[in-house]
2 protein chains.
Amino acid sequence: MGNKGENNRQLIVETADQLFYKRGYHQTSFRDIADVTGIPRGNFYYYFKTKDDILNAVVEARLQTYGEILQACEQTASEPRQRLMHFSNMLANFEEDLVQFGCPIGTLCAELAKDRKDLKQVSRAVFVLMRDWLVEQFTALKCVKAEDKATDLLARMQGITVMASVFDDSAFIRRSLVELQEWINEQTPA
Amino acid sequence: MGNKGENNRQLIVETADQLFYKRGYHQTSFRDIADVTGIPRGNFYYYFKTKDDILNAVVEARLQTYGEILQACEQTASEPRQRLMHFSNMLANFEEDLVQFGCPIGTLCAELAKDRKDLKQVSRAVFVLMRDWLVEQFTALKCVKAEDKATDLLARMQGITVMASVFDDSAFIRRSLVELQEWINEQTPA
DNA sequence: GTCTATATGTAGATAGAC
DNA sequence: GTCTATCTACATATAGAC
């Protein structure tokens, strides 16, 4: 009844999201997306003008997804410190994929920073979303320099993910998560 | 006198090294390397069988380069803690490129982890080189769990680089380096 | 809205003259 | 050793029938 189109569009975006993550943006072709979705290559241009437009839609979808994750962190815990704990638990929750493919957001920005700075700016919106939320939590903890703490936490998680992937070492994630959560517990009003 | 060939080979490797860093492996074509070096595309196959072989040569060259950097850290300082300080100073020394293109080794491994795990294993040799050296330094410091400390330091540096690149923020590198060096100073035998 | 056929460009790789 | 011309495959994107 005319909503088949929207279903197809969503299917393309979800599939592209996964493939951009697990193969990379440049290494994902329309053929790849067509093979997974069963939608012919030519149809893509009914929904999107260019491949870049698909990336824009993927970033929008990720903003939605990670926005919901942040909401879940808020609803599961009322105390900011516990919310940060839940946030950092993402390292454990996505352990297997992180080791194999790295962080979906970090690796996308890293890839696009090299030859598509315009798209990198688009992709980093997901990091901005998370950083802003983290600033709220550190501010609620009455930490000094909440902005710095927020970026520090993201940097710690990115570094852990990069090295875990380099050395195919999921145990490193688990060990580092313990240390990271100790660090979170040390964050006080000063 | 027959050594022109070796010069050309070295020129190809050095140019590929730079381009693989600043554009990425997959996004660097033979045409790109030919344009920079002035060597015709067809000639590449006199020196290398495949593009993958060029990557292997680039990794060998990087092992040489970073081996020399580690030697310099050793020769500049006799105390292990000071050697670690010099090592971490790489963040400041390469600040501009790190913000624009990320870490040459980290981003290469991250890219290849997605669709060329075989080449990722090759590329991570540079990390193994650095980690082994760091283990020596932390062991000389009589730290417990020197292996863990070595990987922790690499992870911290990777995370700092990723976020600095994401937010185009070289000031974040400088601030984080101060905190990282405080951490190095806290590493004691206990 | 859906699909096939195709245009246009470029990738890695090869052949063979010089 | 060096260079040009070319092969095959596949990329994004378009045209137009149904």
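The sequence lines fix the lettering, A, B, ..., with proteins before strands; numbering per chain opens at 1.
Closest to the side chain of B:Y47, from the set D:dT2, D:dA13, D:dC3, is D:dT2. Proximity note for B:S29 (side chain, C-beta onward) versus C:dT4, C:dG12, D:dT12: the nearest is C:dG12.
If you measure from atom CZ of A:R31 to atom P of C:dA11, you get 18 Å, rounded to the nearest angstrom. When the P atom of D:dC10 is taken as reference, atom CZ of A:R23 falls 13 Å away, rounded to whole Å. The distance from atom NE2 of B:H26 to atom P of D:dA11 is 13 Å, rounded to the nearest whole Å. With rounding to whole Å, B:F20 atom CZ is found 12 Å from C:dG12 atom C1'. Rounded to an integer number of Å, the gap from A:F44 CZ to C:dT6 P is 20 Å. C:dG12 atom P lies 13 Å from atom CG of B:L119, rounded to whole Å. Across the protein-nucleic acid pair, A:F30 atom CZ and D:dA9 atom P stand 22 Å apart, rounded to whole Å. One interatomic measurement links the two molecules: CD1 of B:I12 to C1' of C:dA13, which rounds to 15 Å at whole-angstrom precision.
Between D:dA13 and A:Y45, a contact under 4.0 Å exists linking OP1 or OP2 to a side-chain N or O. The phosphate of D:dC3 has neither OP1 nor OP2 within less than 4.0 Å of any side-chain N or O from B:Y46. For the pair A:N43 and C:dG1, the criterion of a side-chain N or O lying under 4.0 Å from OP1 or OP2 is not met. The shortest distance between the side-chain N/O atoms of B:R41 and the OP1/OP2 oxygens of C:dA13 is not below 4.0 Å. Here A:N8 does not reach the OP1 or OP2 of C:dG1: none of its side-chain N or O atoms lies under 4.0 Å away.
Checked by atom type and distance alone, the side chain of B:R62 pairs as donor or acceptor with a backbone atom of B:P104 at under 3.5 Å. The backbone N or O of B:C109 sits nowhere less than 3.5 Å from a side-chain atom of B:K120 that would complete a donor-acceptor pair.
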Would B:C73 and B:W133 satisfy side-chain contact (heavy atoms from CB on, under 4.5 Å), going step by step from the backbone distance to the final call? CA-CA 10 Å; B:C73 289; B:W133 185 85; 3.7 Å; yes
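For an aromatic pair to be called close, the ring centres must be under 6.0 Å apart, and A:Y45 with A:F30 satisfies this.
Of the charged side-chain nitrogens involved, at least one lies within less than 4.0 Å of a carboxylate oxygen, so that A:D152 and B:R175 count as a salt-bridged pair.
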